[in-house]
Structure formats: structure tokens, C-alpha cells
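Here's the structure, in C-alpha cells; my notes come after.
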Amino acid sequence: RDVPPRQRTEFTEDYLALSRLPAADCDLQTFLDDYLDHVVRLFAATAGAIWFRAAKGNALRAKSLRNFDRLGLGDAPPEAHEELLQYTLSRSESFLVKPYSKPQPKASAANPTDSFLLLGPVVSNGDRIAIVELALGPTPSRAVTAGDRNRYVLWLDHLLGFLCQGIEKR
């Protein structure tokens, strides 16, 4: 598909900004907020979140949110959403879940929203320390085909590298 020149330029600018962000002179919260802003724009997501795992146990806490109230989940995820986030911590790669569906047939977790959700575990020094979650809406504006959506998964895995670099620096 042809991408309009303006969108292509914006996409490139966001990607280049993300690639430079880990080296930026800023605190962790500013880094996370800037990272999420760029990633939400790159994926044309309707909402996004970065969830951090507690130092002890598996409790998750939102460290950066964008438009998350649109999903009706708020800052403290309900049980079904929490289960999906915990499932993400068990994964080694990003994945996409269709609205009201399971990520895999035998999974007990499911997407409790009417939005495609793109989730990726953030791994630092072998530990899963966080999750990036992007809501793409009921009909993703850029990921129209199954092939597009598969590329989104690979693309998020790539971009998680910038997030890990920035976290480790701080």
C-alpha cells in the first residue's frame, strides 16, 4: 500500500526520535512518557500503556498511560485484563490479540476489550520487568491485513529494544 508522503515523514521522524531517546538526558518517567508517545503514533494506536512489574511478586503498575480511559479499564486493570497482562509476562515475544479473543487456543487469558491489543514483554538482564500494551482499535487504521498485523508484532519487538536500552541507562 502507498503511504502518503506526510505520513511517511512523520513515521520516519518518530522512529528516529525513538532510536535517539535511550541516550537522551532525562529521568525515567520522562523517558517512558516520550517513548510511549512515539510508539502510540507509530502504530496509530488509540491507547497505550507501559506496565511495570513490582520488585517482588507479579503485581503490575501503570507507569505511563495514553488515552487508556477509552478502553474502560482505568488505571487498575480488572481481573480479565490483569490475567492477559500476566500471560504477557510469561511470553518471550510480542503478540497481537483480536477483540474478545484468546492469544492462543489453550490460553486461559483473553482480551476483554473491543480493540485489537498488541502486547510485548520488556526483558532486561533476563527478567521480564514490564509490558508495553497498545490498543489498535476495533479496526486498526494501519494494520488492515493479517500480514500487516504480523509485521506489527515484529516491529514492536524491535522497538522494545530502545525501551530496554533507556531503562537500563536510568
Side-chain angles (χ1 to χ4, degrees), residues 7-55 58-78 81-82 84-89 91-97 99 103 111-125 127-138 140-143 148-149 151-170:
Q7 275 187 343
R8 185 181 307 269
T9 299
E10 290 169 356
F11 186 91
T12 301
E13 288 171 358
D14 274 319
Y15 178 76
L16 291 173
L18 265 175
S19 70
R20 291 187 296 263
L21 194 56
D25 184 21
C26 61
D27 63 16
L28 179 62
Q29 189 60 55
T30 301
F31 170 77
L32 295 174
D33 290 343
D34 288 351
Y35 177 89
L36 189 59
D37 285 341
H38 288 296
V39 170
V40 163
R41 281 194 301 271
L42 279 171
F43 286 91
T46 58
I50 299 176
W51 303 92
F52 265 74
R53 188 177 190 173
N58 286 330
L60 292 163
R61 183 167 175 256
K63 292 290 278 182
S64 186
L65 295 169
R66 293 297 173 271
N67 303 319
F68 221 71
D69 54 329
R70 292 181 185 173
L71 293 179
L73 297 173
D75 195 357
H81 185 242
E82 176 70 26
L84 182 60
L85 294 176
Q86 292 298 330
Y87 175 82
T88 304
L89 287 176
R91 303 281 303 206
S92 58
E93 298 175 334
S94 299
F95 61 97
L96 183 82
V97 188
N111 176 355
T113 74
D114 67 352
S115 181
F116 280 82
L117 294 180
L118 179 60
L119 298 114
V122 179
V123 181
S124 177
N125 298 319
D127 294 323
R128 288 170 183 80
I129 61 166
I131 295 167
V132 171
E133 178 179 22
L134 299 171
L136 305 178
S141 63
R142 290 191 186 147
D148 291 341
R149 291 188 289 271
R151 283 186 286 282
Y152 264 32
V153 170
L154 296 173
W155 188 236
L156 181 58
D157 279 338
H158 170 70
L159 297 178
L160 289 175
F162 297 138
L163 181 60
C164 289
Q165 291 170 19
I167 292 169
E168 290 169 3
K169 180 183 178 207
R170 286 154 184 86

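These numbers come from a predicted model, not from an experiment.
For the pair Pro103 and Leu84, the minimum side-chain heavy-atom distance is below 4.5 Å. Residues Leu16 and Glu13 fail the side-chain proximity criterion, which asks for heavy atoms closer than 4.5 Å. A 4.5 Å side-chain heavy-atom check between Pro22 and Lys169 finds every atom pair outside the cut-off. When side chains are defined from C-beta on, Val132 counts as touching Tyr35, because their heavy atoms get closer than 4.5 Å. The closest side-chain heavy-atom distance from Leu163 to Leu18 is not below 4.5 Å.
The minimum heavy-atom distance linking Leu65 with Ala49 is given by the pair CD2-CB, 3.4 Å. Here the shortest heavy-atom pairing between Ser115 and Asn111 reads O-ND2, 2.7 Å. Residue Leu36 comes nearest to Leu134 through the heavy atom pair CD1-CD2, 4.3 Å, listed as atom of the first residue, atom of the second, then distance. The two residues Ser92 and Pro121 make their nearest non-hydrogen contact at C-CG, 4.0 Å. The two residues Ala17 and His38 come nearest to each other via the heavy atoms CB-CE1, 3.5 Å. When all heavy atoms are compared, the tightest approach of Gly137 to Pro140 is O-CD, 3.9 Å.
Close placement of the Phe43 and Tyr152 rings is indicated, their centers lying within 6.0 Å of each other.
A distance-only check finds a donor-acceptor pair linking the side chain of Asp157 to the backbone of Ser94 [under 3.5 Å]. Not one N or O on the side chain of Glu168 forms a donor-acceptor pair closer than 3.5 Å with the backbone of Ser124. Checked by atom type and distance alone, the side chain of Gln29 pairs as donor or acceptor with a backbone atom of Lys63 at under 3.5 Å. Side chain of Arg53 to backbone of Arg128: a donor-acceptor contact under 3.5 angstrom is found.
Remark: Thr88 OG1 to Leu117 CG distance equals 9.0 Å, nearest 0.5 Å. Atom CG of Leu42 is separated from atom OG1 of Thr12 by 9.0 Å, given to the nearest 0.5 angstrom. Distance check: Asp14 CG to Ser19 OG gives 11.0 Å after rounding to the nearest 0.5 Å. Rounding to the nearest 0.5 Å places CG of Leu89 at 12.0 Å from CH2 of Trp51. The distance from atom CZ of Arg149 to atom CZ of Arg151, rounded to the nearest 0.5 Å, is 10.5 Å.
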- Item | Test log, rule side chain to side chain contact (heavy atoms under 4.5 Å, CB included), inputs Phe116 and Leu96 | CA-CA 7 Å; Phe116 280 82; Leu96 183 82; 3.9 Å; yes
- Task: Step by step, work out the side chain to side chain contact (heavy atoms under 4.5 Å, CB included) result for Gln86 and Leu60.
- Result: CA-CA 8 Å; Gln86 292 298 330; Leu60 292 163; 3.7 Å; yes
- For the pair Phe52 and Leu32, evaluate side chain to side chain contact (heavy atoms under 4.5 Å, CB included) and give the outcome as yes or no after the intermediate values. CA-CA 11 Å; Phe52 265 74; Leu32 295 174; 3.8 Å; yes
- In sequence, state the C-alpha distance, the side-chain angles, and the governing distance for Leu85 and Leu119, and then conclude on side chain to side chain contact (heavy atoms under 4.5 Å, CB included). CA-CA 8 Å; Leu85 294 176; Leu119 298 114; 3.9 Å; yes
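Between Trp155 and Phe11, the ring planes lie parallel to each other; the angle is under 30°, not in the 30° to 60° tilted range. Classification of the Tyr15-His158 ring pair by plane angle, with boundaries at 30° and 60°, yields parallel.
Residue pairs satisfying the salt bridge (Lys or Arg N to Asp or Glu O under 4.0 Å) criterion with at least one member in residues 21-34, sequence neighbours excluded, are listed as follows: Asp33-Arg66.
Take Asn67 and apply the side chain to side chain contact (heavy atoms under 4.5 Å, CB included) test, not counting sequence neighbours, and it matches Ala47, Arg70.
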